[in-house]
Amino acid sequence: MAVGKNKRLSKGKKGGKKKIVDPFSKKDWYDIRAPSTFQQRAVGKTLVTRTAGTKIASDGLKGRVITVNLADLQKNEADAYRNIKLRVEDVQGRHCLTNFHGMDLTTDKLRSLVRKWQTLIEAHVDVKTTDGYTLRLFAIAFTKKRAGQVKKTAYAQSSQIRAIRRRMVDIMTREATSVDLKDLVAKFIPEAIGKEIEKACQGIYPLQNTFVRKVKVLRSPKFDVGKLMEVHGDLPTEVSTAVDRPAEGVVGDAPEEATA
């Protein structure tokens with residue numbers, strides 16, 4: 001090695017040892033609140049980096065999508081086959097206010113429905129609610145044996161499948177376009193649209209396991225705080241009102257009315 005070259009070999013590491021900082025010390029927990037359509041309003045908590053400089057914490061929370069099981073939202077194990085997607089629309093205090101963003105059947109439920117000796121019928125349609133949300137609804141249904149049928153199979157003819165699919169699209173369009181998003185979600189929970197399809201298609205071919213298997217929110221209207229508040233209804237007091245703290249020195253004093 002030439003003399004005078006690689007001078008840094010004799011010195012220590014450049015920059016010295018970096019101080020390890022716990023990343024969680026710069027983060028805050030926020031509560032996620034579901035719309036008033038669901039029984040369980042407190043969904044969970046989410047983490048975000050605290051506001052620093054031009055980077056605002058609420059901006060990091062808005063737009064987050066949370067997937068929650070319907071059984072947890074409705075406190076009913078019978079609804080465990082459905083997943084609901086909620087999107088954070090606004091942040092007030094330490095609460096993230098969410099709105100409906102989509103729905104899906106769980107994979108195990110969907111797999112359990114597909115069997116031999118029956119016909120699977122699917123349909124999808126794009127609809128617009130009265131409050132301006134554009135949704136894509138996917139429906140699924142399966143044929144079943146007629147009452148007293150001896151034949152093992154329950155296959156529908158292609159003309160019957162087309163007629164059922166047409167009726168599915170008509171019912172989904174009618175049910176979705178006549179209400180706002182909040183009322184439409186209320187129809188999804190008890191599977192009212194699926195029951196309506198089964199009833200309407202009884203004359204064409206008997207159906208079973210009819211579900212709106214998936215819902216996608218394609219387009220949302222311009223954000224409106226007033227409408228979001230209508231969806232959420234009552235909010236905790238710490239969000240809507242400021243907390244009055246007692247002045248120093250009079251914390252333990254009783255009010256004058258009480259002493260009289």
Name all residues meeting the side chain to side chain contact (heavy atoms under 4.5 Å, CB included) criterion together with D180; count only those two or more places apart in sequence or in a different chain, and write none if there are none.
T130, D131, K182, D183
Throw together a table of side-chain donor-acceptor distances under 3.5 angstrom for residues 163-172, partners on residues two or more places apart or in other chains.
from, atom 1, to, atom 2, distance (Å)
R165, NE, E122, O, 2.7
R167, NH1, A200, O, 2.7

Does this structure show an ion pair linking K187 with E175, if we count only N-O contacts that are shorter than 4.0 Å?
yes
Contacts satisfying ring pair (Phe, Tyr, Trp, His ring centres under 6.0 Å) that involve residues 207-226 (not counting sequence neighbours) are Y81-F211
So, the side chain of Q202 versus the backbone of K199: is there a donor-acceptor pair under 3.5 Å, distance only?
no
Hey, is R64 close enough to E89 for a salt bridge, meaning N to O under 4.0 Å?
no
Lys/Arg cation over aromatic Y205: R146, 6.0 Å, 45° cone
yes
Checking the side chain of T129 only, and the main-chain atoms of T177 only, is there a donor and an acceptor separated by less than 3.5 Å?
no
Which residues pass the side chain to side chain contact (heavy atoms under 4.5 Å, CB included) test with D224, sequence neighbours left out?
K227
My understanding is that only residues two or more places apart in sequence, or in another chain, count here; which of them pass side-chain hydrogen bond (donor to acceptor under 3.5 Å, both in side chains) with T49?
K27
Does atom NZ of K144 have more than 12 heavy-atom neighbours from other groups under 6.0 Å away?
yes
Return yes if some donor-acceptor pair links the side-chain N/O of Q149 with the main-chain N/O of K151 below 3.5 Å, else return no.
yes
For residues 133-142, which residue pairs qualify under salt bridge (charged side-chain N to carboxylate O under 4.0 Å, His left out), counting only residues two or more places apart or in two chains?
D126-R136
Hey, does the side chain of S36 reach the backbone of V231 with a donor-acceptor pair shorter than 3.5 angstrom?
yes
Hey, could you give me each pair passing ring pair (Phe, Tyr, Trp, His ring centres under 6.0 Å) that has a residue in residues 111-141? Not counting sequence neighbours.
H124-F138
Here the side chain to side chain donor-acceptor pair (under 3.5 Å) pairs for residues 100-113, sequence neighbours left out, are T106-D108
Using a 3.5 Å distance criterion without hydrogens, assess whether the side chain of Q74 forms a donor-acceptor pair with backbone atoms of Q39.
yes
Any sub-3.5 Å donor-acceptor pair from T143's side-chain atoms to A156's backbone N or O?
no
K45 meets the salt bridge (Lys or Arg N to Asp or Glu O under 4.0 Å) criterion, sequence neighbours left out, with D31
List for me each residue that meets side chain to side chain contact (heavy atoms under 4.5 Å, CB included) alongside E198, sequence neighbours excluded, and say none if there are none.
L207, T210
Shared-cluster residues of F24, by chain and number - hydrophobic side chains joined below 4.5 Å
W29, L47
When you measure from the side chain of R50 to the backbone of S25, do you find a donor-acceptor pair of N or O atoms at a distance under 3.5 Å?
yes
Mind checking what makes ring pair (Phe, Tyr, Trp, His ring centres under 6.0 Å) contact with F142, not counting sequence neighbours?
none
